[in-house]
Amino acid sequence: MSKLKLLLAGASFAVIAACSQGSDIASPGPSAPGTPPGGGGGGGGGGGGTVSCPTGFTQTGSVGDFTACEVSGQILSNLTLEAVDGVAYRLNGRIDVGADIGADGNKAGGQSARLTIESGAVVYGASGADYIVVNRGSQIEALGTASEPVIMTSQADIERRAADASDLGGSNTAEWGGLVLLGQAPINRCLSAAAAPGSVDCENIVEGVTNPDAIYGGDDANDNSGILRYLQVRFAGFAINTAGNELNGITFAGIGAGTEVNHVQVHNNEDDGVEFFGGNVNVSNLVLTGNKDDSIDTDNGYQGNIQFAIVVQNDDIGDNIVEASSLAPGALPASDATISNFTFVGNRSNAFRLNTGTVGTYVNGVVDYGQECFRWQDSAGDGNTSFNAATDPSFRSVVFDCDGGLASSNSVAGVPAAAVAADPNNLVGANSLASRLFPGPVEQGVTAVDPTTLDPFFEPASYAGAFSSAETETSNWAAGWTFGLFPEVACPTGTADTGLELNGETICRVSGVLTDDLRLTRGNVYEISGRVDVGIDAGADGTAANADPAVLTIESGVTLFGDSGADYIVVNRGSQIFANGTRENPVIFTSENDLTGNQVDPDTATAEWGGLVLLGQAPINRCSTGSVAGGDCQNIVEGVTNPDAIYGGNDADDNSGALRFMQLKYAGFAINTAGNELNGITFAGIGRGTTVEYVQVHNNEDDGVEFFGGNVNVRNLVLTGNKDDSIDTDNGYQGNIQFAIVVQNDQLGDNIVEASSAGNGVTPLSNATLSNFTFIGNRSNAFRLNTGTVGRYVNGVVDYGQECFRWQDSAGDGVAGYDINNDPRFDSVLFDCDAGLARSGSDTAAAQGAVDQGSNNTTATAATLSGTFVNGTAENARPVFDPTTLDAWFEPVTYIGAVENSSDRWWAGWSCGLEASSPC
């Protein structure tokens, strides 16, 4: 391995053998040393360089495994630092590339030069006095590649990593100077009061550099100071002259749009990561990690563009992520940066400090911050104390998740909130990032700005954040060339490392009662061991004596499994679960047999683990304690005992979290008695504050989903191969379901819908509303309606091999004959049932009355579905019921059924078993 590779390589680790009770998974034994994605940290062993320096360079000894070759003084002709394995170039003092040619290129004594640094070259400084200044008229070309970046770092870093390959340097900073680029592009802060801002006469002295001064500025917006491509700058930022006036990691002073800057990282700088003093330089693929002052500082009229920016602050150091300033409100050229596709993660001062006349446009971003989002000073923008989108900083399609709230107390009142509210696509709320940086369903749900409409520099990127949903930890634009960006995968605190692996991922065990928040991170697989309780029951009103709520968050792409029916999850009242799957990386709950390939017959496998139980505080109508009238109606959920699991209350807006893009497979074991199995997902007293969308339950022993009261709404539901009912509504459930595909297994299944209640007239009624459903099966009946249930079913397609209905005489109001106001109602439903409308013994008159008295129902039209559940000509010729007239929650539609046509693939990519290319 080359010494550059050693400098990039990550720490190796061993997986310690252990045993897992009740599991068939064996320990893999110690693993070979590995390299985490994106560089990560490492270095060669001791030794000392033995390679000779290239011609023209003086060897000054060795550092770590490298031969040290000196670069010093002023470079007045073109110079190349060749990539030679085992060679590192030692900066000796201030290195000037060229001599300043002035703003117009005619300064006496000026001399242009070019410093070229080949891909894979290592350049280092031994102290803060060692740094590079590229003067006006000269250029630097750092020509790294994704596999061999140019590395600028400190002697201390090289020595640390030679001694210990896993040493990332902690919070060390200021171990050498940094990189300063000086250009001839316009600025608005002039050294001479007589100079007009933005003119050729407007020049200034850059901060952090003296003896001699370093000058920047001019009137060439297309100034070309060279190329920075695949470059790391680590551990820099020393204060050369006075404390508090440190060098930035990279200083862009008056740098123009002719300069190319892409795939650049600054890590652990003492001052700002990057600072832009005026100019127009554009930057793409920027990574800023662990910088001590601001990460991105824009000032003095900077008007460039930045796209794909990642900022991760260090827990121990850091100020603002963005500090944006200018000369004064109205000064031209204004400081007016445009930043698109950014992900900012930190917990230091503020995500944005906006002051002194800065404008700026920030689009398609995600802010995950432990303090306030904004310190918005009254001098920002136009300096007025009301928000003006044309003259103040503006934000569009940005997720703001800041623990300290939107703005600090010293912000101008009302303006940050007005700026966020100015764009309906901004979101203030919890993010769903995975592995700290990758989009989850919240980010995917943001309607993005097309950045190409802002400036031709931008690439199309129709998503919020720095990474697209197609990128992963090992395949993304930052992987391979960055340093310490992606942390080594480990079992999260609150789980146990079993010492086992499954399909190359460490198995982390989740067990017991979770009373602290737990986040299941990507890169591991999680064993559900026994009954796992999320929180301790808070009671019907949240005041239970022993209440201890918790939040379980599951990142996109995470798989959890159970080994037996005793393994299941209960989310108790007052606690929450967030399954943050995405279309490309769903959350998967399944069995160990499924993951190890030990199922005898995957098509009929069920009951291989328990399931998921959600308990909420929304109203129910069947009470074991309390009363409906008193609002304290509670009950014990089926399938769970020792201790009992209680649900119910009077909060219709109860929020038990979010289930998004999730598969749950092969569950439903009978924990206590046969016939009392767990459902795939049990929604017991769950309120409409809970989000449920893009969820599949496959091959469950009992019902796919069962709703015991509550008001939770569900969108984009897939139920396949479930052994009992697919959708079971009971105990006063009054939620909405839209876009539901149900496909029964030829060998498994009972009814598709079973709808029940506590009794006729008991309130709250069981009164579900379903729109846009496609039901396919051949088992018992499509609908079993009984015991006081009402319900509204619109825009449906029923293609069934048995009868459509088992309509019991206790359904609806329990009175003989059909009453459209008090019995289940159907509108715009195509019924194609091979065995007829209703089974013998049913209230056939009521079933026929429902079809006849509803609007636009048909029993005389054969289904023409393709691909099992996709609408054909017959379905799309049917009249459509407007579901928005039933509840504003519904989306407007122009078709019946769950899937309009072959182009409608809302179900694809995240679900399984619906097409041959994605088996379960």
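Since the structure is predicted, the reported quantities are computational estimates derived from the model, not experimental observations. Heavy-atom basis, side chains included; hydrogens, waters and symmetry copies ignored.
- Atom OG1 of Thr289 and atom CG of Leu485 lie 6.5 Å apart (nearest 0.5 Å).
- Side-chain contact check for Asn269 and Asn248: no donor-acceptor pair (N or O, by modelled atom type) lies under 3.5 Å.
- Looking at Ser112, its side chain does come within 3.5 Å of a backbone N or O of Gly137 through a donor-acceptor pair.
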> Given the rule in the side-chain contact (heavy atoms from CB on, under 4.5 Å) test, do Thr173 and Phe238 qualify, once you have shown the distances and angles that lead to the verdict?
Replying inline: CA-CA 8 Å; Thr173 62; Phe238 195 83; over 6 Å; no
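- Counting only distance, with no hydrogens or angles, the side chain of Asp164 and the backbone of Ser166 share a donor-acceptor pair below 3.5 Å.
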> Going through the checks in order, is the ring-ring contact (aromatic ring centres under 6.0 Å, His included) test met by Phe395 and Phe352?
Replying inline: CA-CA 11 Å; Phe395 296 81; Phe352 297 89; 5.1 Å; yes
> Asp167 and Arg161: salt bridge (charged side-chain N to carboxylate O under 4.0 Å, His left out), yes or no, with the steps?
Replying inline: CA-CA 6 Å; Asp167 194 340; Arg161 295 165 68 73; over 6 Å; no
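- In this structure a side-chain-to-backbone donor-acceptor pair under 3.5 Å is missing from Asp297 to Asp294.
- Glu275 and Thr251 are not linked by any side-chain donor-acceptor pair at a separation below 3.5 angstrom, with hydrogens and angles left out of the test.
- At least one donor-acceptor pair under 3.5 Å links the side chain of Ser335 to the backbone N or O of Gly301.
- Inspection of the Asn262 and Asn285 side chains reveals no N or O donor paired with an N or O acceptor under 3.5 Å.
- Between the side chain of Arg229 and the backbone N or O of Thr145, no donor-acceptor pair lies under 3.5 Å.
- Side chains of Asp223 and Ser225: a donor-acceptor N/O pair is present below 3.5 angstrom, by distance only.
- Here the options are Ile187, Asp336, Val281, Thr358, the test is side-chain contact (heavy atoms from CB on, under 4.5 Å), and the partner is Tyr302; only Val281 passes.
- Between Leu286 and Ile310, the closest side-chain pair of non-hydrogen atoms is not below 4.5 Å.
- Applying the salt bridge (charged side-chain N to carboxylate O under 4.0 Å, His left out) rule to pairs touching residues 313-327 yields Glu323-Arg353, sequence neighbours excluded.
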> Between Gln307 and Asn341, does a side-chain hydrogen bond (donor to acceptor under 3.5 Å, both in side chains) hold up when you go through it step by step?
Replying inline: CA-CA 6 Å; Gln307 187 175 27; Asn341 300 99; 3.2 Å; yes
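- Residue Phe483 comes nearest to Asp157 through the heavy atom pair CZ-OD1, 4.5 Å, listed as atom of the first residue, atom of the second, then distance.
- Partner Val367 forms a side-chain contact (heavy atoms from CB on, under 4.5 Å) with one of Val398, Val322, Val399, Val345 and no other, that one being Val398.
- The distance from atom CD1 of Ile140 to atom CG of Leu228, rounded to the nearest 0.5 Å, is 6.0 Å.
- Side-chain contact of Asn300 with Asn188: a donor-acceptor pair under 3.5 Å is absent, judged by distance alone.
- Between Tyr230 and Trp481, the angle of the ring planes goes over 60°, which puts this pair in the perpendicular group of the 30/60° scheme.
- Donor-acceptor pairing under 3.5 Å is lacking for the side chains of Gln184 and Glu203.
- Between atom CD of residue Glu175 and atom CD of residue Glu159 there is a gap of 9.5 Å, rounded to the nearest 0.5 Å.
- Trp176 and Asp130 get closest at one heavy-atom pair: CE3-O, 3.3 Å.
- In this structure a side-chain-to-backbone donor-acceptor pair under 3.5 Å is present from Thr453 to Asp450.
- For the residue pair Ser295 and Asp272, no side-chain donor N or O sits within less than 3.5 Å of a side-chain acceptor on the partner.
- A cation-pi contact links Arg160 to Phe235, judged by a cut-off of 6.0 Å to the six-membered ring centre and 45° from its axis.
- Geometric assessment of Arg136 against the ring of Tyr216 yields a negative cation-pi assignment under the 6.0 Å and 45° thresholds.
- Here the CD atom belonging to Gln59 is positioned 6.0 Å from the SG atom belonging to Cys69, to the nearest 0.5 angstrom.
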>> Tyr124 vs Val63, test: side-chain contact (heavy atoms from CB on, under 4.5 Å). Steps then yes/no.
In response: CA-CA 10 Å; Tyr124 73 95; Val63 56; 3.6 Å; yes
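- For Ser435 (side chain) and Phe438 (main-chain N/O), no donor-acceptor pair under 3.5 Å exists by modelled atom type.
- Shown here for Ala466 and Trp477, the closest heavy-atom pair between the two residues is O-NE1, 2.9 Å.
- In this structure, Glu70 does not pair ionically with Arg90, as no charged nitrogen and carboxylate oxygen lie closer than 4.0 Å.
- Distance CD1/Ile205 to CD1/Ile215: 4.5 Å, rounded to 0.5 Å.
- When atom types are taken as modelled, the side chain of Arg348 and the backbone of Gly318 share a donor-acceptor pair closer than 3.5 angstrom.
- Between Phe342 and Val363, every side-chain heavy-atom pair lies at or beyond the 4.5 Å cut-off.
- Judged by the 6.0 Å distance and 45° axis criteria, Arg94 is not positioned over the aromatic ring of Tyr131.
- Counting all heavy atoms, side chain and backbone alike, Val359 lies closest to Ala334 at CG2-CB, 4.3 Å.
- We find the CD-OG1 distance between Glu584 and Thr472 to be 11.5 Å, quoted to the nearest 0.5 Å.
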>> Test ring-ring contact (aromatic ring centres under 6.0 Å, His included) on Phe57 and Tyr89; report intermediate values, then the result.
In response: CA-CA 9 Å; Phe57 293 91; Tyr89 294 93; 5.2 Å; yes
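- Of the possible polar contacts, none joining the Thr116 side chain to the Thr80 backbone as a donor-acceptor pair under 3.5 Å is found.
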>> Under the criterion side-chain contact (heavy atoms from CB on, under 4.5 Å), I'd like the reasoning laid out for Ser199 against Asp219: C-alpha separation, chi angles, the key distance, then a yes or no.
In response: CA-CA 5 Å; Ser199 73; Asp219 67 351; 5.7 Å; no
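- Taking all atoms of both residues into account, the shortest heavy-atom contact from Phe457 to Val283 is CZ-O, 3.7 Å.
- In terms of heavy-atom proximity, Ser138 sits nearest to Gly98 at OG-CA, 3.2 Å.
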>> Under the criterion side-chain contact (heavy atoms from CB on, under 4.5 Å), I'd like the reasoning laid out for Leu115 against Val134: C-alpha separation, chi angles, the key distance, then a yes or no.
In response: CA-CA 9 Å; Leu115 173 63; Val134 182; over 6 Å; no
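- Under a 3.5 Å cut-off, the side chain of Asn291 and the backbone N or O of Asp293 do not form any donor-acceptor pair.
- Between the side chains of Asn224 and Gln139, a donor-acceptor pair is found at a separation under 3.5 Å.
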